[in-house]
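One structure below.
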Amino acid sequence: MEASEKEKKSLNFIETIIEEDIKNHKNDARVHTRFPPEPNGYLHIGHAKSICLNFGMAEKYNGKCNLRFDDTNPTKEEMEYVDSIKADVQWLGFEWNGQELFASDYFDQLYDWAVMLIKKGKAYVDDQPQELISQQRGTPTRPGIESPFRSRSIDENLALFEAMKRGDFPNGAKVLRAKVDMASPNMHMRDPVMYRILNAPHHRTGDTWKIYPMYDYAHGQSDYLEGITHSLCTLEFEVHRPLYDWFLDELIDTEYRPRQIEFARLNLSYTVMSKRKLLELVKNGVVNGWDDPRMPTIAGLRRRGYTAASIRTFADRIGVAKRDNTIDVGLLEFSVREDLNNIAPRVMAVLDPVKLIISNYPEGQTEQIELINNPEQPEAGSRNIPFSRELYIERDDFMIDPPKKFFRLAPDKEVRLKGAYVVRCESYELDDAGEVKTIYCSYDAETRSGTGTKNPKVKGTLHWVEANTAVDAEVRLYDRLFNDEDPAGHKEKDAMEFLNPDSLQIKTYCKLERMLADVQPEDKFQFQRIGYFCVDKDSKAGQLVFNRTVSLRDTWAKMNQ
RNA sequence: UGUCCGAUGGUGUAAUGGUAGCACUGCAGAUUUUGGUUCUGCCUGUCAAGGUUCGAAUCCUUGUCGGACAACCA
């Protein structure tokens, strides 16, 4: 049955290719992918798509997936990022094949191959400065012209390249170029640079190397050395593919060949995704670091309260194709709500408290109210919370002069207090500022939940917290960082002009039911009727801090828009 | 005035020459001691024009629109 279900499910274009390759016994019908981040920044939700794809294909086809750091540029890369990337991949729930790998593991082999290319007359040392080489490359619509050093003798090239390796020249003095075709309509084939001189220590190879390979020269061969079969990358590398194949053609002679396949990167509405823009947000202090809960980074989403499972489901839902796409950020929110709805314990929390006094409830009396922990999970059981004469309810749940469809509390109106009694608003008191200070109600002792004696139909049920036992907390309400659907998509305006000034709202005087006094960072809850919240890493006993992951669907708020 | 890639409801994604489906969103209703969840129903789509074919989202031609490419970045 499972097999027939699998057959029915349609394939994305990558799965189609893979299944075709398996059928043809290409590369011994192996499937081996890799996730190849450059360790120069934090992973974001776009990387998550790639991670889920690469690891997902390996899982689905009983293959393997490597984690390989593309560390060919020592001036940009740091060990710190290696660690954060590993942590993020693991948190997402994936296990890479063996040890993590590095392109720098292959520097020796890459060098030998470069020498081989020189000997074949397919590579040469160019002495020209960067600007000149750049000029000679032409433009997409005009062919380039050949470097005067292009026809150097093999021996000279060999000697020069070795001298480059030795460190005889300053940065930028020379480069090694592949001899391909300066007239190619593909810019990347116009004698691309293979090696540049970089007198910089590498985070793994230290001072061993003075020259470092370029991405194009390193990536395909790294894939080859690792036995990668399907090298999945984003669309912008499409034009690099002929070069990817060119190096492999010149260098190797086996039947096994890795194949580069490109897919469209993820774009999310109301979000920026480029490393540069993300860095700008951090550097300018718009957010508080890479793991700010408003950031689309894995670390940010995690701190925000997203579950790994919800991100994986999201990645499944958005699919994979080659056309440019912008996913509605609402789909991400839907995915996390769906997961949290199933797993998050329900608790009572009042974010904007106003005192409610039940005038006819005996002073000093307390009773225990039993509340279901999670209606979606009967086995999660129930708990008791105290109820007494003085409670807090949400300010929004009371209106002096309510509109017709307002199902909550108002003068002379009745509501049920969740799990407890039906109360009727008798009067209210304002403070000097004209804000509601206290609401006075009466209760009907026979309406207690579960007793069944009396169950009047009331339209609304409110959450509440017992005043004396409530614990205080700070709650951080997050909203989208940008007000514009495509903040980075404007030619004339910078994304930063569309920043949402209300992306963070801090509630300082929240009242929570007492069981929340003892929670740990990343613990997740549904604050009944409000949304999903998780404990922030800033939280301490006695100084609780919660982040709003996402609000509940709110048809009432929608009606009032 | 180059090369390559792409175009299916509002947003994504299927249909691989044979009934345009699914998800999200939106709308309407049912259930509900969360205005949550769940359930039901509905709206909305093949970029255009030709051609091939009994039959085209799918194949061909032309056009239109969008994207990528000119780091010693990845």
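None of these values were measured; they are calculated from a predicted model. Chain A is the first sequence line, chain B the second, and so forth, proteins listed ahead of strands; every chain is numbered from 1.
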Answer yes or no: is there a side-chain heavy-atom contact under 4.5 Å between A:L351 and A:F533? yes
N or O in side chain of A:R190 less than 4.0 angstrom from B:rG2 OP1/OP2: no
Let me see the working for A:R529 and A:E394 under salt bridge (charged side-chain N to carboxylate O under 4.0 Å, His left out), right down to the final yes or no. CA-CA 10 Å; A:R529 298 212 304 135; A:E394 208 71 60; over 6 Å; no
Does B:rU31 have a Watson-Crick or wobble mate here (both distances under 3.5 Å), and if so which one? none
Quick one: on RNA chain B, does A:K418 or A:D127 contact a more 5' nucleotide (nearest heavy atom)? A:K418
Using the rule given for ring pair (Phe, Tyr, Trp, His ring centres under 6.0 Å), can you reason through A:F237 versus A:Y215, listing the C-alpha separation, both sets of side-chain angles and the distance that settles it, and then say yes or no? CA-CA 11 Å; A:F237 291 98; A:Y215 165 86; 5.0 Å; yes
Paired to B:rU1 by Watson-Crick or G-U wobble criteria (both distances under 3.5 Å) is none
For A:E38, report the nucleic acid contact type (base, sugar-phosphate, nothing); a contact means any heavy atom under 4.0 Å. sugar-phosphate
Does A:T16 reach a base, just sugar-phosphate, or nothing at all? Heavy atoms under 4.0 Å. base
Counting the atoms with a prime plus P, OP1 and OP2 as sugar-phosphate, which does A:R137 contact under 4.0 Å by heavy atoms, base, sugar-phosphate, or nothing? sugar-phosphate
A:S10 side chain N/O closer than 4.0 Å to the phosphate oxygens (OP1, OP2) of B:rC22? no
Could you tell me whether the phosphate oxygens of B:rU33, OP1 or OP2, come under 4.0 Å of any side-chain nitrogen or oxygen in A:K459? no
Given the rule in the salt bridge (charged side-chain N to carboxylate O under 4.0 Å, His left out) test, do A:R241 and A:E262 qualify, once you have shown the distances and angles that lead to the verdict? CA-CA 9 Å; A:R241 180 158 26 99; A:E262 311 84 12; 2.6 Å; yes
Classify A:N186 by what it touches in the nucleic acid, base, sugar-phosphate, or nothing, heavy-atom distance under 4.0 Å. nothing
Identity of whatever pairs with B:rU8 - Watson-Crick or G-U, under 3.5 angstrom: none
Please evaluate the base of B:rA74 for a donor-acceptor partner in the side chain of A:H240 within a cut-off of under 3.5 Å? yes
What is the pairing partner of B:rU44, taking Watson-Crick or G-U wobble pairs with both distances under 3.5 Å in any strand? none
Do the side chain of A:E376 and the base of B:rU38 come within less than 3.5 angstrom through a donor-acceptor pair of N or O atoms? no
Establish, with yes or no, whether the OP1 or OP2 oxygen of B:rU32 is under 4.0 angstrom from a side-chain nitrogen or oxygen of A:R416. no
Taking only the side-chain nitrogens and oxygens of A:R196, find out if one of them lies under 4.0 Å from OP1 or OP2 of B:rC73. yes
Looking at every strand, decide which applies to A:R241 at a 4.0 Å heavy-atom threshold: base, sugar-phosphate, or nothing. nothing
Separation of B:rA74 atom P from A:D70 atom CG, nearest Å, is 7 Å
What contact category does A:E262 fall into here, base, sugar-phosphate, or nothing, at under 4.0 angstrom with non-hydrogen atoms? nothing
For B:rU33, does the base pair up with any side-chain atom of A:S449 as donor and acceptor (N or O, under 3.5 Å, distance only)? yes
Polar side-chain contact A:R408-B:rG35 base: donor and acceptor under 3.5 Å: yes
Answer yes or no: does a side-chain N or O of A:R323 lie under 4.0 Å from OP1 or OP2 of B:rU13? yes
When rounded to whole Å, the CD to C1' distance for the pair A:E338 and B:rC39 reads 16 Å
Syn or anti for B:rA20? Use the chi torsion, O4'-C1'-N9-C4 for purines and O4'-C1'-N1-C2 for pyrimidines, with syn inside 90° of 0. anti
Need one value for A:V193: base, sugar-phosphate or nothing, where a base atom within 4.0 Å counts as base even if backbone is also close, heavy atoms only. sugar-phosphate
Indicate, yes or no, whether a donor-acceptor pair under 3.5 Å links the base of B:rU34 to the side chain of A:R529. no
May I ask you to decide whether A:D223 forms a salt bridge with A:R68, counting only side-chain N to carboxylate O separations under 4.0 Å? yes
Within the structure, does a side-chain N or O atom of A:R142 lie under 4.0 Å from either OP1 or OP2 of B:rG2? no
Within the 4.0 Å heavy-atom criterion, would you say A:Q128 contacts the bases, only the backbone, or no part of the nucleic acid? base
Applying a 4.0 Å non-hydrogen cut-off, can you work out what A:F406 is touching in the nucleic acid: base, sugar-phosphate, or nothing? base
Categorize A:V458 for me: base, sugar-phosphate, or nothing, with a 4.0 angstrom heavy-atom threshold over every strand shown. nothing
Looking only at side chains, do A:S231 and A:R34 share a donor and an acceptor under 3.5 Å apart? yes
Electrostatic pair A:K283:A:E280 at N-O distance under 4.0 angstrom: no
For B:rA74, which nucleotide is its Watson-Crick or G-U wobble mate, given both distances must be under 3.5 Å? none
Counting any heavy atom closer than 4.0 Å, what does A:L331 reach on the DNA or RNA strands: base, sugar-phosphate only, or nothing? sugar-phosphate
Would you mind telling me which residue lines up with the more 5' stretch of RNA chain B, A:D126 or A:N12, judged by nearest nucleotide? A:N12
A:S134 side chain N/O closer than 4.0 Å to the phosphate oxygens (OP1, OP2) of B:rA71? yes
